[in-house]
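In what follows, every heavy atom counts, from backbone to side chain, and hydrogens, waters and symmetry copies are set aside.
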Amino acid sequence: DAGVIQSPRHEVTEMGQEVTLRCKPISGHNSLFWYRQTMMRGLELLIYFNNNVPIDDSGMPEDRFSAKMPNASFSTLKIQPSEPRDSAVYFCASSLVGRAGELFFGEGSRLTVL
Amino acid sequence: TQLLEQSPQFLSIQEGENLTVYCNSSSVFSSLQWYRQEPGEGPVLLVTVVTGGEVKKLKRLTFQFGDARKDSSLHITAAQPGDTGLYLCAGEQTSGSRLTFGEGTQLTVNP
């Protein structure tokens, strides 16, 4: 069975450019989470959706970040404009609603903003 | 302030040794999870504990949830190089709520 699929795996961009990260959750999972991982701050929850509806976006750093989930099989995380401090590994994870502790993570998207 | 404190942050041991990693908090959790993450990959769930005092075993790994559901430990017996990785504890304060991760323990097992 396919796991959570993220793209791109690596992205290098220049400050000010728009970045779009993509995620396909596991089929049948109805909760989707976006996390950011850095050495300094560890794993931070940015936003999560239940049944395609954003539930908690309090972790989104600022207005430059936005996330959408237009259907049950696709989500995007967009950063516009990007800044060097956004450099991190961004993970998407999915689970069943009510089973937020049992997350299945993708392999991550490593973003470097120069 | 980190909700979940893990210790130690780094641990380097020789193959065959035993080790314990701790996850502590002042908050009560409805459930607590342990994940392992290898370089270039996402975290992978190892275990979930939900009952105070619960002990779960996964081959050479033993997980314990504190009686008050505020802390947990992971004990590895006879560590092997394949155990090398970042071990993360995570907790739900109420069932179905957002998961909070600790900062992790980076374990290196040398052959």
Checklist entry - At a heavy-atom separation under 4.5 Å, does A/R110 approach chain B through its side chain, its backbone, both, or neither? => result neither
Next on the checklist: Counting heavy-atom pairs under 4.5 Å with chain B, which one of A/D56, A/L45, A/V89, A/L103 comes out on top?
Outcome noted: A/L103
Checklist entry - Between A/H29 and A/S94, does any side-chain donor sit less than 3.5 Å from a side-chain acceptor? => result yes
Checklist outcome for this item: Residues A/S87 and A/T38: closest non-hydrogen pair is O-CG2, 4.0 Å
Checklist entry - If you tally heavy-atom pairs under 4.5 Å against chain A, which of B/P43, B/G104, B/A90 wins? => result B/P43
Next on the checklist: For B/F63 and B/W34, take the angle between the two ring planes, folded into 0 to 90°, and tell me which bin it lands in: parallel under 30, tilted 30 to 60, perpendicular over 60.
Outcome noted: tilted
Item to check | salt_bridge(A/R64, A/E18) N-O dist < 4.0 Å | outcome: no
Checklist entry - Any luck finding a side-chain donor-acceptor pair between B/Q37 and A/Q37 under 3.5 Å? => result yes
Item to check | Residue B/L32 versus chain A: region with a heavy atom under 4.5 Å | outcome: neither
Next on the checklist: Please classify the contact between A/Q6 and chain B as side chain, backbone, both or neither, with a heavy-atom cut-off of under 4.5 Å.
Outcome noted: neither
Checklist outcome for this item: The interface call for B/S31 against chain A, heavy-atom contacts under 4.5 Å, is neither
Checklist entry - Are A/S31 and A/N50 linked by a side-chain donor-acceptor pair shorter than 3.5 Å? => result yes
Item to check | Interface moiety of A/F104 toward chain B, non-hydrogen atoms closer than 4.5 Å | outcome: neither
